[in-house]
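Right, one structure below, let's go through it.
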2 protein chains.
Amino acid sequence: MTTEKPEPRLRVIASGARTDCDQCEARDRCPGAGLNDEQLKALAAISTTRGPYKPGEAIYRMEDRFHSLFVVQTGAVKVESVSDEGDALVDGFYFSGEMFGVDAIGDSRYRNDAVAMESTWVCELPYDKLEHLCGQIPELQHKIFKLLGHQIRQINNNLVHNRGLPAEKRVMMFLQTLSESNVIRRNEAGRFRLPISKGDIACYLGLRPESLSRALSKLAAEGVIRNNAKLIELVESETAFELAYK
Amino acid sequence: MTTEKPEPRLRVIASGARTDCDQCEARDRCPGAGLNDEQLKALAAISTTRGPYKPGEAIYRMEDRFHSLFVVQTGAVKVESVSDEGDALVDGFYFSGEMFGVDAIGDSRYRNDAVAMESTWVCELPYDKLEHLCGQIPELQHKIFKLLGHQIRQINNNLVHNRGLPAEKRVMMFLQTLSESNVIRRNEAGRFRLPISKGDIACYLGLRPESLSRALSKLAAEGVIRNNAKLIELVESETAFELAYK
DNA sequence: CGCTTGATTGAAGAAACTCAAGGAAGGTGG
DNA sequence: CCACCTTCCTTGAGTTTCTTCAATCAAGCG
């Protein structure tokens with residue numbers, strides 16, 4: 001998508017001197033946020049920044065042994081698995097400041113692929129070391145527990161609450177959730193564009209690409225979104241909100 | 001459902017002297033399993049056994065402040081929330097040895113109701129104390145992290161992987177998953193009966209009661225399950241397995 | 001320039017839903 | 001003990017929604 005090499009926010013965790021976490025879009029979802037300098041330094045000592053991953057490149061694969069959690073620094077990541085029928089299933093999307101790989105905790109291997117959707121930098125947190133550090137820094141332990149709880153809530157909400165809804169509502173809920181989470185940069189007009197292919201969105205929402213396309217066309221006709229082929233923009237409005245939640 | 005007062009397995013956590021966890025049906029999902037006597041005693045010191053909850057009685061409600069995690073000792077629990085449209089949504093079921101309430105970690109309140117489906121005893125683990133104890137007992141911390149990871153995996157699998165499947169497969173996957181998890185006692189013939197109302201199952205699977213009923217009738221006609229009005233039994237077989245996974 | 005990939009649109013089909021009625025089981029009160 | 005009621009499950013008929021299949025179109029890339 002974006003071809004320009006991003007300026008990676010390496011310092012979010014890696015240096016510890018600057019707590020960039022506090023300026024992060026998804027502040028409360030970043031493990032380092034809220035720690036003091038000393039604690040941040042300890043966290044930085046076990047973490048490694050990796051990247052840039054090119055679009056389509058894997059950060060980990062389902063065959064890999066589980067060894068680390070990851071935090072998105074710049075870019076966007078999709079996590080996908082394979083259905084029993086053999087086709088791709090999108091488990092979730094992760095953006096700047098968000099942690100992924102947690103579903104493998106306690107398992108010997110990752111059970112899905114994590115793939116960059118655009119040029120992406122991540123911060124790797126070796127799990128053993130992280131767990132050990134949690135035993136020494138109560139604030140970090142607290143934070144990680146909190147993050148896990150949040151992730152469980154998130155998954156439940158996204159999956160349970162939109163299942164059974166008609167396609168259009170599912171789309172609007174998806175867009176609203178993304179909008180509220182503030183993980184995607186907005187343009188001047190307050191709109192944001194998705195770095196996710198429509199195929200992936202469809203898959204994540206449990207729809208066929210065709211069904212998503214139809215829903216998007218309809219929503220665009222109603223004026224609540226813009227739908228430019230490879231680009232979706234949410235037009236924030238009362239109408240949009242109502243379509244999502246009512 | 002069952003009217004006889006259950007013999008609660010209080011000692012699973014409460015006494016610590018006997019590590020009944022090791023004989024628990026869902027051994028790996030019980031926080032106490034794998035700890036030594038001293039550690040178990042510490043865990044027991046912060047935990048309280050509560051019950052019996054009568055069928056339909058709430059262990060916590062969505063209005064309640066989040067304060068504790070719970071482990072099912074005897075019985076069965078459903079966790080349900082409310083959709084934007086106002087009707088009930090079943091988030092999940094929990095059986096003997098399984099921990100619930102974790103989706104509220106890091107939140108100020110529970111966001112759903114936990115309701116006993118049959119006469120139920122639970123073990124309450126005050127979250128603050130548990131977290132504090134985790135900082136002192138690395139094995140416990142490890143265990144809790146593992147449990148949370150497992151729960152995230154579980155939710156993903158149950159929700160992502162059966163979405164989009166036809167009703168019959170959804171039912172079979174649900175039954176197989178339950179069967180494999182070994183959380184429900186089996187009768188002499190190796191079959192197990194569900195202490196869950198069909199309405200709740202339908203809701204959990206994202207189906208209308210009518211659709212579930214039709215699916216069950218069809219599966220019963222094919223001989224892979226028994227469907228006695230208030231009772232579903234899975235007839236373990238190669239056919240059943242294939243229907244679920246192929 | 002032609003090839004590939006992803007998005008769109010149309011028409012026909014299948015699956016689940018809604019609406020409605022009927023039936024079995026459990027609980028309550030006479 | 002039986003009648004009644006409520007609740008939950010079942011079954012049927014018609015409709016909505018999404019899917020499937022197929023063709024078209026646009027964009028990116030060799």
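Small disclaimer: the values here were computed from a predicted structure and weren't measured.
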(request) Look at all strands and tell whether A/Pro166 reaches a base, only sugar-phosphate, or nothing, counting heavy atoms closer than 4.0 Å. (result) sugar-phosphate
(request) Could you tell me the separation between the CG atom of B/Leu216 and the P atom of D/dC8, rounded to a whole number of Å? (result) 17 Å
(message) What is the separation between atom CG on B/Asp200 and atom C1' on D/dT7, rounded to the nearest whole Å?
(response) 13 Å
(request) Measure from the side chain of B/Arg214, starting at C-beta and using heavy atoms only, and say which of C/dA16, C/dT9, D/dG12 lies closest. (result) D/dG12
(request) Report yes if the distance between the aromatic ring centroids of A/Phe70 and A/Tyr60 is under 6.0 Å, otherwise no. (result) yes
(request) Rounded off to whole Å, could you give me the CD-to-P distance for the A/Glu85 and D/dT20 pair? (result) 11 Å
(message) Taking any heavy-atom pair under 4.0 Å as a contact, classify A/Gly164: base, sugar-phosphate, or nothing.
(response) nothing
(message) The side chain of A/Ser211 is closest to which nucleotide in this list: C/dA16, D/dA22, D/dC18?
(response) D/dC18
(message) Without decimals, in angstroms, what is the distance between A/Leu207 CG and C/dA7 C1'?
(response) 15 Å
(request) Any chance you could measure A/Gln151, atom CD, to B/Ile105, atom CD1, to the nearest 0.5 Å? (result) 13.0 Å
(message) Less than 4.0 angstrom between a side-chain N/O of B/Ser217 and OP1 or OP2 of D/dT11, yes or no?
(response) yes
(request) Find the distance A/Leu212:CG to C/dT9:P and express it as a whole number of Å. (result) 12 Å
(message) Is the phosphate of C/dA24 approached by B/Asn228 (side-chain N or O, under 4.0 Å from OP1 or OP2)?
(response) no
(message) Side chain of A/Arg208, heavy atoms from C-beta onward: which of C/dA7, D/dT19, C/dT18 has the nearest atom to it?
(response) D/dT19
(request) Round to the nearest Å and state the distance from A/Leu165 atom CG to C/dA16 atom P. (result) 17 Å
(message) Regarding A/Asn227, tell me which of base, sugar-phosphate or nothing describes its non-hydrogen contacts under 4.0 Å with the strands shown.
(response) sugar-phosphate
(message) Can you tell me how far apart CG (B/Leu165) and CD (B/Glu168) are? Round to the nearest 0.5 Å.
(response) 11.5 Å
(request) Please report, rounded to the nearest Å, how far the C1' atom of D/dT19 is from the CD atom of A/Glu210. (result) 8 Å
(message) Counting only side-chain nitrogens and oxygens, does A/Ser213 get under 4.0 Å of the OP1 or OP2 atom of C/dT8?
(response) yes
(message) Checking side-chain polar atoms at under 3.5 Å, does A/Glu124 have a donor or acceptor matched by the opposite partner on A/Thr48?
(response) no
(message) Taking side chain to side chain donor-acceptor pair (under 3.5 Å) as the criterion, tell me which of B/Lys218, B/Glu233, B/Lys198 meets it with B/Asn227.
(response) B/Lys198
(message) Between P on C/dA24 and NZ on B/Lys198, what's the gap in Å once rounded to a whole number?
(response) 14 Å
